Number of protein chains: 2
Amino acid sequence: MEATRWLDEHQDRAWRGYRRMRRLLDLELARELTQDASLSEPDYDVLSDLSETPQGRLRLSELADRMLWSRSRLSHHLTRMQQRGLVTREECPDDARGAMVVLTPAGRDAIEAAAPGHVTAVRQHFLDLLTPAEVEALGAFTHRVVDHLAQNRAPRPRRGREG
Amino acid sequence: MEATRWLDEHQDRAWRGYRRMRRLLDLELARELTQDASLSEPDYDVLSDLSETPQGRLRLSELADRMLWSRSRLSHHLTRMQQRGLVTREECPDDARGAMVVLTPAGRDAIEAAAPGHVTAVRQHFLDLLTPAEVEALGAFTHRVVDHLAQNRAPRPRRGREG
DNA sequence: CTACGGTCGATGACATGTCAACGAATCCGC
DNA sequence: GCGGATTCGTTGACATGTCATCGACCGTAG
């Protein structure tokens, strides 16, 4: 039973700041998105990921993996977005089990209308408040942490790995 | 209609890294908390804030403000935690409208049992992966962003401000 | 081909968070 | 003290996310 190493003054300040910033930033970005574009953050993320693909379409499981969502969550959310006319489902030609999510024209309009304001808000409330060195540091350590966390997670070996 | 200033390469990398790190870190921390202590992150936060007060008790609205939660959310959540025996409600002596949230012995046991593992996880998956300079930078810019965002938010002037 | 284990996406039950509305109590100018 | 505006916490309806399970389909060994 090792003695717990608590956070020192600097770490504690960083950790509390991080959590508080997250919460406030989420609230503000969500508020502006809802008000200006009638989209939630999850809506925006779905549309954004779809719009970054050449065809505006993705396999459902592929989108779920990119977003780090469960398939169930994505399926439910798409049902709601479909009812609002932002996306549709199509059959998957390769795999009869599968489904494709497709951006509708209305969906593309929505993300194109929302994006400028959202990016501006991200700048205004976050990135533009950081020095270039801080932005660089943020990019560096977040990717380092992501790589570390990704290792612990569901490897997807089609074939056996070590051994 | 100004032309939108999109994110440059560095900002884009930082912003994507930030969002991905958040998601992965949340998943991992929540997973460990649930497994090791049968607590959700919101549970932990409530217990943590309460345990940091001298009496283990807080006015409900005070706790909601600290956590940046709506009163409604807190009230619902406390009802659930109360059913599990982690907290209780008491009448507020000063204000007959109000209520106090009080940590029960079981609640204190729960947070004290959960804290070492949680702090260790925060170190292991996050803070210990940062250099001291990065921790310092994180503390600096998060607090800067928080201050900025706090200005836009619900000022609580008992008396009129400008004008 | 057939059987079997795994993947895919959907679904229903349930947990959690949001929003608007409410009754009770307080504040405050009169 | 009176009375209207405001604050407090709760509540119910609804939106969203999680979890276990399902039928359909795929890949492959036999």
Side-chain angles (χ1 to χ4, degrees), chain A residues 22-23 26-27 30-31 33-35 38-46 57-84 86-102 154-160, chain B residues 22-23 26-27 30-31 33-35 38-46 57-84 86-102 154-160:
Chain A
R22 281 179 48 154
R23 178 78 179 143
D26 279 356
L27 288 170
R31 192 182 67 74
L33 259 183
T34 303
Q35 189 164 50
S38 299
L39 293 175
S40 67
E41 285 188 303
D43 293 338
Y44 184 93
D45 291 341
V46 167
R57 74 175 53 219
L58 272 176
R59 188 67 182 271
L60 205 143
S61 56
E62 169 65 19
L63 180 54
D65 286 349
R66 288 194 194 197
M67 303 187 72
L68 298 169
W69 282 14
S70 72
R71 289 160 198 221
S72 168
R73 176 180 181 183
L74 183 56
S75 183
H76 281 301
H77 201 89
L78 291 177
T79 300
R80 297 188 291 262
M81 292 181 73
Q82 193 165 10
Q83 285 166 355
R84 293 159 58 202
L86 298 171
V87 297
T88 45
R89 284 169 160 99
E90 290 184 8
E91 290 181 0
C92 181
D94 307 340
D95 187 336
R97 292 169 302 182
M100 308 287 292
V101 205
V102 190
R156 32 190 153 189
R158 293 297 170 201
R159 308 211 155 237
Chain B
R22 281 179 47 152
R23 178 76 180 142
D26 279 356
L27 288 171
R31 192 182 67 75
L33 258 184
T34 304
Q35 190 163 52
S38 300
L39 293 176
S40 66
E41 285 188 303
D43 292 337
Y44 184 93
D45 291 341
V46 167
R57 73 176 53 218
L58 272 176
R59 188 67 184 270
L60 206 144
S61 56
E62 170 66 19
L63 181 54
D65 286 349
R66 289 194 194 196
M67 305 187 68
L68 298 169
W69 281 15
S70 71
R71 287 152 204 238
S72 167
R73 177 181 181 184
L74 182 57
S75 183
H76 281 301
H77 202 89
L78 290 178
T79 300
R80 295 188 291 262
M81 293 180 73
Q82 193 165 11
Q83 285 166 356
R84 294 160 56 203
L86 298 170
V87 298
T88 45
R89 284 169 160 98
E90 290 184 6
E91 291 182 359
C92 181
D94 305 342
D95 186 336
R97 293 169 301 183
M100 308 287 292
V101 205
V102 189
R156 30 191 153 186
R158 294 299 168 198
R159 310 207 154 241

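Remember, predicted model here, so these are calculated numbers, not experimental data. FYI, side chains are in, hydrogens and waters are out, and symmetry mates aren't considered; it's all heavy atoms of this structure. Chain letters run A, B, ... following the sequence lines, proteins first, then strands; residues in each count from 1.
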Pair B:Arg23 + A:Asp45, salt bridge at N-O below 4.0 Å: no

Whole-Å distance separating the CE atom of A:Met67 from the P atom of D:dT16: 14 Å

Closest non-hydrogen atom pair between A:Val102 and A:Arg57, with its separation: CG1-NH2, 3.8 Å

Protein-nucleotide distance (B:Trp69, atom CH2; D:dC8, atom C1'), rounded to Å: 18 Å

Closest non-hydrogen atom pair between A:Cys92 and A:Ala99, with its separation: CB-N, 3.9 Å

Residue pair B:His77 / B:Arg80, side-chain donor-acceptor N/O under 3.5 Å: yes

Close side-chain approach of A:Arg97 to A:Ser61, heavy-atom, < 4.5 Å: no

Rounded distance (Å) that lies between atom P of C:dG9 and atom CG of A:Asp94: 11 Å

Exercise: identify the closest heavy-atom pair between B:Met67 and B:Pro42: CE-O, 4.5 Å

Between C1' of D:dG9 and CG of B:Asp95, the distance in whole Å: 10 Å

Separation of atom CE in B:Met100 from atom C1' in D:dC8, rounded to whole Å: 14 Å

Secondary structure of DNA chain C in dot-bracket form (Watson-Crick or G-U wobble, distances below 3.5 Å, | marking inter-strand pairs): ||||||||||||||||||||||||||||||

Interatomic distance, A:Glu41 CD vs C:dT18 C1' [rounded to whole Å]: 14 Å

B:Glu62 CD - D:dT7 P separation (whole Å): 16 Å

Euclidean distance, atom CD of residue A:Glu91 to atom P of D:dA24 [Å, nearest integer]: 15 Å

Nearest heavy atoms of B:Leu78 and B:Val101, plus distance in Å: CD2-CG1, 3.6 Å

Any N/O donor-acceptor pair, B:Arg97 side-chain to C:dT26 base, under 3.5 Å: no

Positions of residues 71-83 of chain A (non-hydrogen atom under 4.0 Å from DNA chain D), listed by number: A:Ser72, A:Arg73, A:His76, A:His77, A:Arg80

Residue-phosphate contact under 4.0 Å: A:Arg89 side-chain N/O, C:dG9 OP1/OP2: no

Working for salt bridge (Lys or Arg N to Asp or Glu O under 4.0 Å), residues A:Arg84 and A:Asp43: CA-CA 11 Å; A:Arg84 293 159 58 202; A:Asp43 293 338; 3.0 Å; yes

For A:Met100 against A:Glu91, the heavy-atom pair lying closest together: CG-O, 3.8 Å

